[in-house]
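Note that the coordinates shown come from a computational prediction; the quantities given were computed from them, not determined experimentally. Only this structure's heavy atoms are used, side chains among them; waters, hydrogens and symmetry mates stay out.
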Amino acid sequence: SDLKKITDERARQWILRLEAENKELHTENRLNGMRMSDLTKRVDETQSENKQLQDDRDAMRRHIELHTMEDGVLKTKLLKLLTKSEKDKQQERSYFRKRLLEIGRA
């Protein structure tokens, strides 16, 4: 009878200890679940931000490429105008030289 009381008491203490541990584990699991949920949200937000940054980078690259091409076209047009202007000046000088020579001969 005394042995049974001792055994029952030990079993009761063991059960109480297991219930306390189970309660701690349950609380820890709930907290871990909340942390996991927060981390999942942060991952989703980070992926979304990363996608936006990639889109912005691609848009900037296209913008730069477009302006580089436009710059090249404008430089080509300017070079053509300068070349034409130089040719026009040379023709004008040549014309005036000829006229001066003609006037000088007259």
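- By the side-chain hydrogen bond (donor to acceptor under 3.5 Å, both in side chains) test, Asn32 pairs with Arg35, sequence neighbours left out.
- Among pairs with a residue in residues 12-47, none fulfils ring-ring contact (aromatic ring centres under 6.0 Å, His included), at least two apart in sequence or across chains.
- Within the structure, no pair that satisfies the side-chain hydrogen bond (donor to acceptor under 3.5 Å, both in side chains) test touches residues 36-45, not counting sequence neighbours.
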Can you give the donor-acceptor pairs under 3.5 Å from side chains of residues 76-85 to other protein atoms, not counting sequence neighbours?
from  : atom 1 : to    : atom 2 : distance (Å)
Thr76 : OG1    : Gly72 : O      : 2.8
Thr83 : OG1    : Leu79 : O      : 2.7
Lys84 : NZ     : Asp88 : OD2    : 3.3

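- For the side chain to side chain contact (heavy atoms under 4.5 Å, CB included) test, residues two or more places apart in sequence or in another chain that qualify with Glu19 are Ile15, Leu16.
- Taking Glu9 as the reference, Arg12, Gln13 meet the side-chain hydrogen bond (donor to acceptor under 3.5 Å, both in side chains) condition, with sequence neighbours excluded.
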Can you give me every donor-acceptor pair (side chain of residues 53-60, partner residue at least two apart or in another chain, under 3.5 Å) with its distance?
from  : atom 1 : to    : atom 2 : distance (Å)
Asp55 : OD1    : Lys51 : NZ     : 2.9
Asp55 : OD2    : Lys51 : NZ     : 3.2
Asp56 : OD1    : Gln52 : NE2    : 2.9
Asp58 : OD1    : Arg61 : NH1    : 3.4

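- Note on residues 79-98: no pairs pass ring-ring contact (aromatic ring centres under 6.0 Å, His included), not counting sequence neighbours.
- In this structure Arg93 satisfies the side chain to side chain contact (heavy atoms under 4.5 Å, CB included) test together with Glu86, Lys89, Gln90, Arg97, sequence neighbours excluded.
- In terms of the side-chain hydrogen bond (donor to acceptor under 3.5 Å, both in side chains) criterion, residue partners of Asp71 (sequence neighbours excluded) are, by chain and number, Lys75.
- Each ring-ring contact (aromatic ring centres under 6.0 Å, His included) pair with one or both residues in residues 32-68, not counting sequence neighbours, appears once here: His63-His67.
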